[in-house]
Amino acid sequence: MAAATSTVRTPDTISLQELLSVCYDLSKAAGDSIRRIFDSGDLGAIDKDVSGATGRGQLQTPPNASGGIDFGAIADPQTLADLESQRIIIGNLLRIYGPDLRIVGEEGELENTKGEGLLYREVRTDRFADEQFPEELKQLETKDITLWIDPLDGTREFTLNFVHYVTVLIGISYKKKAIGGVVHVPFIGGKYVQKDDPLNPTHKPAVPVDPAVPGQTVWGAVGVGVRGMPIVRVEDIPHDRRIVTTTRSHFSPSLQALLAEMKPQGVIRCGGAGSKGLLVLSGGADAYVYPQGGTKRWDTCAIDACVRAVGGRFTDQYGEDIVYDPDISHENDKGLLATLRDHDLFVLPKDAGNNNNQASAQKAHL
Ligand code: AMP
Ligand code: MG
Ligand code: MG
């Protein structure tokens, strides 16, 4: 497709096949930009949380004892890469589909979201032309589509050099249900070597590693499946296994107490929502559990769609579907739970929510 201008009229219907192809290319362009900023050595980190140690808007934290920046003290970090990635994705989506496509991006309204000068490369609309998409996904009513963009998931880990946890997440919901998603992993393969994480020493990549090229992109659609990574066959998982993956950086004693109710045989502490979703899809964990508020719909939409696309379930911690309505709060305040099988084993009883409020209020920043 030729690069559209920002004056393009939004079409009444869009095919999911086409939209996913566009999002696939834009996630890769965003990943290129994230790597470029990382390689430059200047992340330009600020704290989005006004109650954080540094206060919103400061471009860097005070130097730590060794003269470096103490990224661990930042409560809710944002870097230049989060901003640039969102500009690339949203700017180009608006340029291609016009101003009436509904998009929710983590970084809010940014300057230049009209996308002037942003088109990174020719964006293809036909990458998945050979895939069998159900008829009803070929003409989605644009007014019922929302795109949920997490331009850089795992920012805290990004600032700590645990870049293998970073993903770019583009979720597509239709009539408030997650139906499609793209998960791009920028720091895998090429020259990027996984830095040892003492909190997760045995972490293995869920996506293929290509020494020649950095970056891998996974996509999925309900009714189609997931492409771009090996998906575990549920019949190959030992029947009574119960390994959970959960937050690396928002861990707390009250969260630990809630996890104990699920009687896990192992807990993998992994950064970012996208990387944990991929871990479940690959069979590295049996459930992604986060029984407290904190994640937002842009953290979950893409992986929600991918998990459902392979027959799994993605719900809040009580087993209820997550509603992707752009007109209500974007917070997943009832936590989340993703599994490919035995979902009910990890669903919490409603009264576990009493502790949960406490857990949600606590902020443990490691
Ligand atoms: P985590 O599992 O801690 O790596 O978090 C996954 C995603 O949810 C990341 O984008 C986090 O920034 C976000 N998140 C989770 N908990 C919180 C919280 N308490 N406050 C702010 N963001 C959170
Ligand atoms: Mg995120
Ligand atoms: Mg983010």
Side-chain angles (χ1 to χ4, degrees), residues 27 30-31 34 43 45-52 56 71-72 74-87 89-90 104-108 110 148-160 162-171 181 183-186 197 199-200 203 244-252 254-256 258-259 267-280 285 287-304 317 322 329-338 356-366:
S27 78
I34 291 170
L43 304 188
I46 64 160
D47 196 343
K48 284 197 283 185
D49 185 341
V50 283
S51 66
R56 185 183 177 88
F71 287 117
I74 298 180
D76 192 5
Q78 180 194 62
T79 70
L80 294 175
D82 300 61
L83 298 172
E84 191 58 17
S85 171
Q86 177 160 311
R87 284 195 190 101
I89 297 167
I90 297 188
V104 181
E106 173 172 7
E107 311 310 336
L110 299 178
W148 302 85
I149 317 292
D150 188 340
L152 196 164
D153 179 55
T155 303
R156 171 168 298 276
E157 286 73 20
F158 182 57
T159 62
L160 296 169
F162 296 121
V163 291
H164 53 282
Y165 295 127
V166 169
T167 56
V168 176
L169 300 173
I170 307 181
V183 182
H184 176 73
V185 187
D197 178 358
L199 293 181
N200 183 5
H203 183 78
V244 302
T245 183
T246 194
T247 182
R248 182 184 185 283
S249 64
H250 295 98
F251 209 75
S252 63
S254 47
L255 176 64
Q256 195 160 20
L258 284 171
L259 294 187
V267 177
I268 302 175
R269 285 182 51 189
C270 197
S275 75
K276 287 189 273 285
L278 295 180
L279 196 63
V280 169
Y288 169 12
V289 296
Y290 194 62
Q292 63 183 35
T295 70
K296 315 288 189 308
R297 303 291 200 263
W298 50 71
D299 289 306
T300 51
C301 186
I303 49 174
D304 186 326
Q317 71 197 39
I322 293 174
S329 160
H330 304 327
E331 177 125 4
N332 295 317
D333 54 345
K334 295 192 179 117
L336 65 84
L337 170 60
N356 184 37
N357 293 337
Q358 235 179 314
S360 182
Q362 273 198 31
K363 285 192 172 174
H365 298 293
L366 303 177

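Numbering starts at 1 and runs along the sequence shown. As the structure lists them, so they are numbered: ligands from 1, and atoms in each ligand from 1. These numbers come from a predicted model, not from an experiment.
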- How would you list, by chain and number, every residue that makes a side chain to side chain donor-acceptor pair (under 3.5 Å) with D299, sequence neighbours excluded?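 For D299, no residue satisfies side chain to side chain donor-acceptor pair (under 3.5 Å) once neighbours in sequence are set aside.
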- How about the Mg ion (ligand 2), which protein N, O or S atoms come within less than 2.8 Å?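 Sorted hits: D150 OD2, D153 OD1, D299 OD1.
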Mind checking whether [X] and [Y] have side chains closer than 4.5 Å, heavy atoms only?
X    : Y    : value
R297 : N332 : yes
C301 : L169 : no
L279 : I268 : yes
K276 : Y290 : no
N200 : F162 : no
F251 : T246 : yes

Hey, which atoms in ligand 1 end up nearer than 4.0 Å to a heavy atom of [X]?
X    : value
G271 : 4 (O)
S249 : 3 (O)
Y290 : 15 (C), 16 (N), 17 (C)
T295 : 8 (O), 15 (C)
A273 : 6 (C)
D153 : 7 (C), 9 (C), 10 (O)

Proximity to ligand 1 by part of [X], non-hydrogen separation under 4.0 Å:
X    : result
D299 : side chain
T246 : neither
Y165 : neither

- Taking D47 for its side chain and D76 for its backbone only, find out whether a donor-acceptor pair lies under 3.5 Å.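 Between the backbone of D76 and the side chain of D47 there is a qualifying donor-acceptor contact (under 3.5 Å).
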- Check whether any side-chain N or O of K296 sits under 3.5 Å from a backbone N or O of G294 as a donor-acceptor pair, and report yes or no.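 Yes: the side chain of K296 pairs with the backbone of G294.
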- Salt bridge flag under 4.0 Å for residues K48 and E107: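 Yes, this pair counts.
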- Query: Looking only at non-hydrogen atoms, which of E331, H250, K48, K276 approaches atom 18 (C) of ligand 1 most closely?
  - Reply: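 Among E331, H250, K48, K276, the closest heavy atom to atom 18 (C) of ligand 1 comes from H250.
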- Query: Can you check whether T247 has an N/O within less than 3.5 Å of an N/O in ligand 1?
  - Reply: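 Yes; the residue has a nitrogen or oxygen that sits under 3.5 Å from a nitrogen or oxygen of the ligand.
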- Query: Can an N or O of R248 be found at a distance shorter than 3.5 Å from an N or O of ligand 1?
  - Reply: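 Checking ligand 1 against R248, no N or O pair falls under 3.5 Å apart.
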- Message: I'd like to check the side-chain contact (heavy atoms from CB on, under 4.5 Å) partners of A30; sequence neighbours left out, ordered by chain and number.
- Response: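 Here the qualifying residues are S85, I89, V168.
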- Query: Can you list the residues that meet the ring-ring contact (aromatic ring centres under 6.0 Å, His included) rule with Y165, with sequence neighbours excluded?
  - Reply: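 With sequence neighbours excluded, Y165 shows a ring-ring contact (aromatic ring centres under 6.0 Å, His included) to H203, given in chain and number order.
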